[in-house]
Amino acid sequence: MDADPRPPAPQPQTGTPTPRGRRPVAAALMLGMALAALDSTIISTAVPQIVGDLGGFSVFSWLFSGYLLAVTVSLPLYGKLSDTFGRKPVLLAGIVVFLIGSLLCAGAWNMGTLIASRIVQGLGGGALQGTIQVIAADLYPLKERPKIQARLSSVWALSSVAGPAIGGVLAGYADWRWIFLINLPVGALALVLIARHLHEPRRHRNGRPRIDWAGALGVFLSGGLLLTALVQGGVAWSWLSAPSLALLGATAVCAAATVWIERRAAEPIIPGWVWRRRTISAVNLAFGALGLLMIAPTVFLPTYAQSVLGLGPIPAGFVLSTMTLSWPIAAALSSRVYNRVGFRRCAITGMTAATLILAAFPLLPYPGAAWQPALIMLLLGGALGLFQLPLIIGVQSSVPWAERGTATASILFCRQVGQSVGAALFGAVANATLASRLADAPDAIRPGLPDDLDSVSRALEHPGALSDRAADYLRRAVDTAVDHVYLGAATAALLALLALVFLAPRRFPVHAEGETEARAEAGDESEAGDESEAGAGDETGAGGGAGGGTRARAEGGAKARTETETGTGTDAGTETDGRADTAPLTTPEAGGAGSGRPETGQRPRP
């Protein structure tokens, strides 16, 4: 094979450090992930103590909603900043903002200041969630990436289980303010490890970097208005009320203005290629559906376990925790699957199983035993572990270093928005089902029955005021409502499956730079050819699954892009015994559309 005589444009060298050099950074990433994960759950069991001390029962839900809103709307900005200025300064700044927010939360004197401080925490949490995933992809080559991702998933799972217990202990035996103060030593240790041990390559910039502040403001306003409408709609006011319609209308106007701004920006916060490339756009849609379906187990399963099965809060939490135990295990083992069948087929396998498992939930007997939904959740966690991690790794591996932060932030942003939409949508489904069941209640038990899911749950926690017949009727109503929610979640899983089947390329491109991961995996020397990026060339070679290969693409004379497609050996024409399939591929020279040097070691592309 002839080598391309022209050297590629200079790029950041992202060669991975030695395992010993990675350990302190990996420890810091796990500490940072623990901060973000714990803060999503640790406060839940301390709400009664917080409300008793500060008041503000009518607005305490914003302790969660404000944090979620800030994380969601800041993710795209941090992704772009990490691509522009590097991961290290963004992560350090995010940890500092998070710790400042924690300190402000600990010193809050009323519910308003606590909610505002939680929003500050969320602005730091957006940097933690997105940048940690990107640094993990930078540190580890493709073959080793599942190890660190599985560890991060394990930290998240452990935090989800331990967070409510830690929060309850601190609120009950110390003071709820310690929930936020314990973040300070953990975050300080993560700061020290990152500052001392994370060494990024020197970046070569052409001119002064420009930040699209107008686009960032548009994303903030659009996301904030939408999430506020979704969180408060049907709770603080009805869906067809003036506040809901005004918020949704303002969201549409801001979104249109943001698109207009982004299309004209030199360095947009959410660049158009995020949606033009089939790989990323399909995964974005699939992750939006993932966020949607996750509302069923995380929000409604505890209500089902307590109201229908009669479990206490702790046993109900253990029913849900089975999913968080199997998820990281399946994620850790997913590399054995996607190295043989490809990222897309592995994710399709996981989401197909998740669809069937979610659809099976309504078949559980009434009232049933606790092990039955626990088994459902155990299987669901395993299925989603096969789905999520391959797609994250696939997207991160399909883009160059300078685009990895933006690509990662886009899929996490879509998942967060999906969760917000799911909370509003499935909440409406559950309440509509309950309203219908309560309207059809026998006349003998109808007087005094509650009229929404929260009221029904509280009534069943203290059933002394209800007759046995009324209590049984309410349990059956909750059972039916949760069944309908799970059917809706199965529909969301089906939408994710359809996005992968019909929109995702059959073989994901894998990009590497410098000492490329592709060459390290294949043990092969491949050629770097040049391609133009004009028109629809964003995804050339990624769509249609035409065959495996590596190619280099000069982007505006500034980038050298090498892609390797991951899939089965039969498509690539090469067998690699369980590793990501790679095979050399040459492309025409940039100056000659018909120069047509033959592809080496492969059958012709259609």
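Only heavy atoms go into these numbers, but all of them, side chains included; no hydrogens, no water, no symmetry mates.
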Heavy-atom side-chain proximity of L391 to I411 below 4.5 angstrom: no
Qualifying residues under ring-ring contact (aromatic ring centres under 6.0 Å, His included), relative to Y304, sequence neighbours excluded: F361
Closest heavy-atom pair and its distance - T279, S398: CG2-OG, 4.1 Å
Separation of R404 CZ from I135 CD1 (nearest 0.5 Å): 11.5 Å
Heavy-atom donor-acceptor pair, T72 side chain to Q416 backbone, under 3.5 Å: no
Check: G405 main-chain N/O paired with T408 side-chain donor or acceptor under 3.5 Å: no
Point-to-point distance, once rounded to the nearest 0.5 Å, from CG of L221 to CG of L226: 12.5 Å
Polar side-chain atom of Q388 near backbone of A331 as donor-acceptor pair, under 3.5 Å: no
Backbone of G272 reached by a side-chain donor or acceptor of E262 within 3.5 Å: no
Residue pair I376 / L301, side-chain heavy-atom distance below 4.5 Å: no
Donor-acceptor pair, side chain of R345 and main chain of Y338, under 3.5 angstrom: no
4.5 Å side-chain heavy-atom contact, P362 and L487: yes
Distance, nearest 0.5 Å, that separates CG of L75 from CG of L412: 6.0 Å
Pairwise side-chain contact, M294 with L384, heavy-atom cut-off 4.5 Å (strictly under): yes
Point-to-point distance, once rounded to the nearest 0.5 Å, from CD1 of I132 to CZ of R87: 13.5 Å
Spatial distance of atom CD1 (I269) from atom OH (Y78) [nearest 0.5 Å]: 11.5 Å
Qualifying side chain to side chain donor-acceptor pair (under 3.5 Å) pairs, either residue in residues 482-502, two or more places apart: T433-H484
Heavy-atom side-chain proximity of L128 to L91 below 4.5 angstrom: yes
Any donor-acceptor pair under 3.5 Å from S222 side chain to V219 backbone: no
Check: G394 main-chain N/O paired with S397 side-chain donor or acceptor under 3.5 Å: no
pair L290-F387: side-chain heavy atoms closer than 4.5 Å: yes
Step-by-step side chain to side chain contact (heavy atoms under 4.5 Å, CB included) determination, I270 to T258: CA-CA 10 Å; I270 304 180; T258 301; over 6 Å; no
Beyond-backbone contact of R151 with M33, side-chain heavy atoms, under 4.5 angstrom: no
For R344, all residues meeting salt bridge (Lys or Arg N to Asp or Glu O under 4.0 Å), sequence neighbours excluded: none
Q419 CD to L293 CG distance, which is reported to the nearest 0.5 Å: 9.5 Å
N284 side chain near F413 side chain, heavy-atom distance below 4.5 Å: no
